[in-house]
Amino acid sequence: MRLNEVIIRNFKCIKELKVAIPETVPEREGSADFLTILGRNNVGKSTILEAIRLALPNSDITKPSLDHFPGKNASNGPIEVEFEFTELTDNDKLRQGIRTHVHNDRYRIKKVWEEPLKGFTVSAYHPQKEIMNWPEKGATKESFIQLGDAWKTAFEAFETQKGQELKKVTVAIRNELQSYILDSYPELVIDGEAKWQLNPGGLQQNVDAALPKLIFVPALKHTKEEAGVSEKSSTARQIVEAMFSTELSGYQAIRKFTEAAVEVKEVFSGNGDGNEVIKNLEAKISNKLSRLIPLSAKLDFNPPDFTSDLASKTVLELSDGSLNTRPEHQGHGAQRALVISLLELFSEITTQRNPDEPAKNILLLVEEPEIYLHPQMCRKMRDVLMDIARYGTAQVICTSHSPTFINVADRHDGICILRRDTQNGLYSVQRTDDLFPGASAVNLRDRLRMLLDFDPAVLEAFFAERVCLVEGDCEIAAVEAIANKLIQQEQLDSKAYVHARRDITIINCRGKWTIRAFQRVLNGFQVPYIVVHDVDLEGESGANLEILQELNGEEHRRLVHSPNFEQQIFGEEWSRDKPWKASRKINGMPQVNNDLLRFFYFVTGLSPATAVEMIVEAAPSA
């Protein structure tokens with residue numbers, strides 16, 4: 001089964017937030033079970049991963065602290081983390097924590113924490129099962145089997161499971177029978193209204209056993225904890241354990257160890273040689289214990305996970321040719337390189353498995369995968385995570401500030417943007433539909449791919465305070481030349497301008513039709529923007545008209561030059577070296593003319609008044 005969506009409520013800064021995990025569609029380029037969560041610093045990206053970690057069983061977070069509750073006040077809770085799973089296999093539907101709890105081919109569970117440092121309750125959302133013809137009264141076997149052949153078969157099978165004939169049906173037996181029928185005889189069960197039901201599967205362990213195995217790669221952590229294989233919670237240890245489980249499970253020595261462990265288990269359960277010894281020990285302990293308190297003792301044995309023990313005893317060292325050292329004694333970059341290598345190997349091992357074997361149910365959470373990595377290594381990390389997500393090794397959720405992990409041309413559903421405002425608090429923006437559907441949009445998608453190939457930094461628009469789309473380099477060069485001229489003439493403060501400019505992303509779209517393609521993306525993710533372009537000979541037709549339509553007719557968000565930038569501003573027509581010529585012309589002007597000022601203030605969002613305020617604020621006090 002695959003994780004389809006996560007809903008988090010009342011966790012730290014999150015009031016309620018839903019994120020959907022995209023799915024791999026082989027015929028769609030760029031698709032993968034890979035979600036990238038974007039947002040400015042301190043908006044709440046890591047909080048999402050933290051809530052997911054709290055809700056998964058093999059996590060480093062086992063119980064919420066007071067800091068996890070909104071406003072550090074448990075009365076503002078309770079904390080809730082809800083998971084929805086789809087693509088359930090027949091084997092999934094037979095599992096104790098899942099069977100009888102599937103609704104519309106989906107399995108939804110919710111974990112709830114009422115107090116800090118306390119455990120959780122778990123509920124499943126599904127139709128309330130009702131047993132047909134369930135006798136309101138009657139405490140005999142006959143009252144059930146007289147309901148028909150199906151009931152007779154079911155009751156006798158229940159007796160076989162109990163190992164005794166049941167002539168009387170006590171309240172306790174009746175409850176056991178009800179659970180047995182609900183689990184094993186769907187033909188006797190009808191679906192009522194769907195509701196949340198507490199404790200699906202009877203035990204919390206049954207639900208946890210069905211949840212994905214967690215591998216967490218943190219952004220900042222003590223180095224030994226991330227790269228040291230001997231550390232139980234380290235990233236490297238989790239990956240090595242998963243690889244050992246995949247690679248060594250069929251190895252003869254491992255099978256012998258597992259079989260021996262099962263035989264020992266049978267000794268304790270009363271089915272193997274030596275059980276008399278166990279019973280004798282239980283009797284001796286019970287005899288001593290009963291003198292103090294009316295209780296008896298039972299001994300049991302849980303077979304060890306041998307592949308996990310193998311990982312804990314494995315020593316991994318790195319060598320530079322002369323010296324062998326453990327990863328925790330290497331630099332951050334080397335440790336991240338090791339994590340990438342282990343993930344890549346893990347992906348290769350699992351993709352080469354027998355297709356008849358079920359894929360491992362793993363969720364890989366990665367905080368800022370770009371951290372400590374130079375640009376080429378960052379792209380390598382992206383490729384490895386894409387392979388892991390696309391070929392079924394694991395589902396991947398990462399948080400990032402890097403444009404490298406954003407693919408707006410082909411993977412819109414793999415992007416989740418977090419924002420925060422006073423009205424809505426923290427909220428997310430996702431697109432599950434294709435922004436470029438149908439044959440008519442193929443050209444737009446291709447233009448966008450080309451733009452991203454030339455300049456992936458344009459994706460900084462997702463993090464910017466102000467976004468402006470322009471046709472070419474000439475406009476970008478002109479903005480900087482105008483700013484320099486205004487600074488020289490003491491009409492603009494340089495430091496204040498540089499600070500303001502850092503929040504502005506000007507995107508060179510290299511043509512009007514690519515402006516149209518990028519508008520589609522920004523509109524889809526609710527990113528505000530403005531546009532500057534030339535009229536040329538089209539008038540309000542062709543690309544010009546479509547740009548205005550994408551702006552919903554909001555003319556104030558568009559600045560046009562007629563017939564083009566250089567002819568309107570400088571009265572000249574240029575065929576080449578436009579950025580250099582524009583900069584030289586502006587530098588040689590005694591004063592910046594009105595058309596250039598209008599253009600500058602439109603692009604930057606400044607005004608003559610705010611430019612003066614910058615100078616006043618920057619002036620030293622007397």
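Computed from a predicted model, the values in this text were never measured in an experiment.
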Q: Give a yes or no on whether a salt bridge exists between Arg449 and Asp446, defined as a side-chain N under 4.0 angstrom from a carboxylate O.
A: yes
Q.
Regarding Arg501 and Thr604, do their side chains bring together a donor and an acceptor under 3.5 Å, going by distance alone?
A. no
Q.
With a 3.5 Å distance limit and no angle check, can you tell me whether Asp421 reaches the backbone of Gln423 through a side-chain donor-acceptor pair?
A. yes
Q. Got a second to check how far Phe525's CZ is from Arg520's CZ, nearest 0.5 Å?
A. 13.0 Å
Q) Do Ile371 and His401 pass the side-chain contact (heavy atoms from CB on, under 4.5 Å) test, and can you show the C-alpha distance, the side-chain angles, and the key distance before you say yes or no? A) CA-CA 9 Å; Ile371 200 167; His401 299 104; over 6 Å; no
Q: Before giving the answer on side chain to side chain donor-acceptor pair (under 3.5 Å), spell out for Glu23 and Ser31 the whole-Å C-alpha distance, their side-chain angles and the decisive distance to 0.1 Å.
A: CA-CA 7 Å; Glu23 63 179 321; Ser31 73; over 6 Å; no
Q. Within the distance-only criterion (no hydrogens, no angle test), does the side chain of Glu84 pair as donor or acceptor with the backbone N or O of Asn4 below 3.5 angstrom?
A. no
Q: Give a yes or no answer on whether the side chain of Ser541 reaches the backbone of Glu538 with a donor-acceptor pair at less than 3.5 Å.
A: yes
Q) Could Glu50 and Arg53 be called an ion pair, given the rule that one side-chain N must be under 4.0 Å from one carboxylate O? A) no
Q.
Checking side-chain polar atoms at under 3.5 Å, does Arg445 have a donor or acceptor matched by the opposite partner on Asn443?
A. no
Q: Start with the C-alpha distance between Arg9 and Glu82, add both sets of side-chain angles, then the distance that settles salt bridge (Lys or Arg N to Asp or Glu O under 4.0 Å), and finish with yes or no.
A: CA-CA 9 Å; Arg9 301 182 183 92; Glu82 181 181 330; 3.2 Å; yes
(Q) Is it the case that the side chain of Glu5 and the backbone of Ile21 share a donor-acceptor pair, with hydrogens and angles ignored and the cut-off at 3.5 Å? (A) no
Q) Do Ser46 and Glu367 have side-chain atoms, one donor and one acceptor, less than 3.5 Å apart? A) yes
Q | Backbone of Met589 reached by a side-chain donor or acceptor of Lys485 within 3.5 Å | A | yes
Q | Side-chain donor/acceptor of Arg411 to backbone N/O of Phe34, under 3.5 Å | A | yes
Q.
To the closest 0.5 Å, what do you measure between CD1 (Ile515) and NE2 (His533)?
A. 6.5 Å
(Q) Does either side chain, that of Asp413 or that of Gln430, offer a donor lying less than 3.5 Å from an acceptor on the other one? (A) no
Q: Using side chain to side chain contact (heavy atoms under 4.5 Å, CB included) as the criterion, point out the one residue from Leu385, Leu343, Val384 that pairs with Pro369.
A: Leu385
Q. Between Phe436 and His412, does the ring centroid distance fall short of 6.0 Å?
A. yes
Q: Tell me yes or no: between the side chains of Glu368 and Thr399, is some donor less than 3.5 Å from an acceptor?
A: no
Q.
Check Asp534 with Lys512, please: is the shortest side-chain N to carboxylate O separation under 4.0 Å?
A. no
**Q.** Any donor-acceptor N/O pair, Arg558 side chain to Val531 backbone, under 3.5 Å
**A.** no
**Q.** salt bridge (Lys or Arg N to Asp or Glu O under 4.0 Å) assessment of Arg510 paired with Glu471
**A.** CA-CA 5 Å; Arg510 294 172 169 81; Glu471 278 195 61; over 6 Å; no
Q: Could you grab the distance from atom SG of Cys398 to atom CE of Met381, nearest 0.5 Å is fine?
A: 9.5 Å
Q.
Working to the nearest 0.5 angstrom, can you tell me the gap between Leu469 CG and Gln519 CD?
A. 6.5 Å
Q. Do Thr24 and Asp33 get their side chains close enough for a donor-acceptor pair, meaning under 3.5 Å?
A. yes
Scan the side chains in residues 579-586 for donor-acceptor partners under 3.5 Å anywhere in the protein, sequence neighbours excluded, and list what turns up.
residue	atom	partner	partner atom	Å
Lys581	NZ	Arg576	O	3.4
Ser583	OG	Pro579	O	3.0
Lys585	NZ	Glu572	OE2	2.5

Q: Determine the minimum heavy-atom distance between Cys13 and Thr47, stating which atoms define it.
A: SG-OG1, 4.2 Å
**Q.** Check: Asn361/Lys213 side-chain N/O donor and acceptor closer than 3.5 Å
**A.** no
Q: Assess the pair Tyr529 and Phe518: is the distance between their ring centroids shorter than 6.0 Å?
A: no
Q) For Cys509, does its backbone N or O pair with a side-chain atom of Arg447 as donor and acceptor, under 3.5 Å? A) no
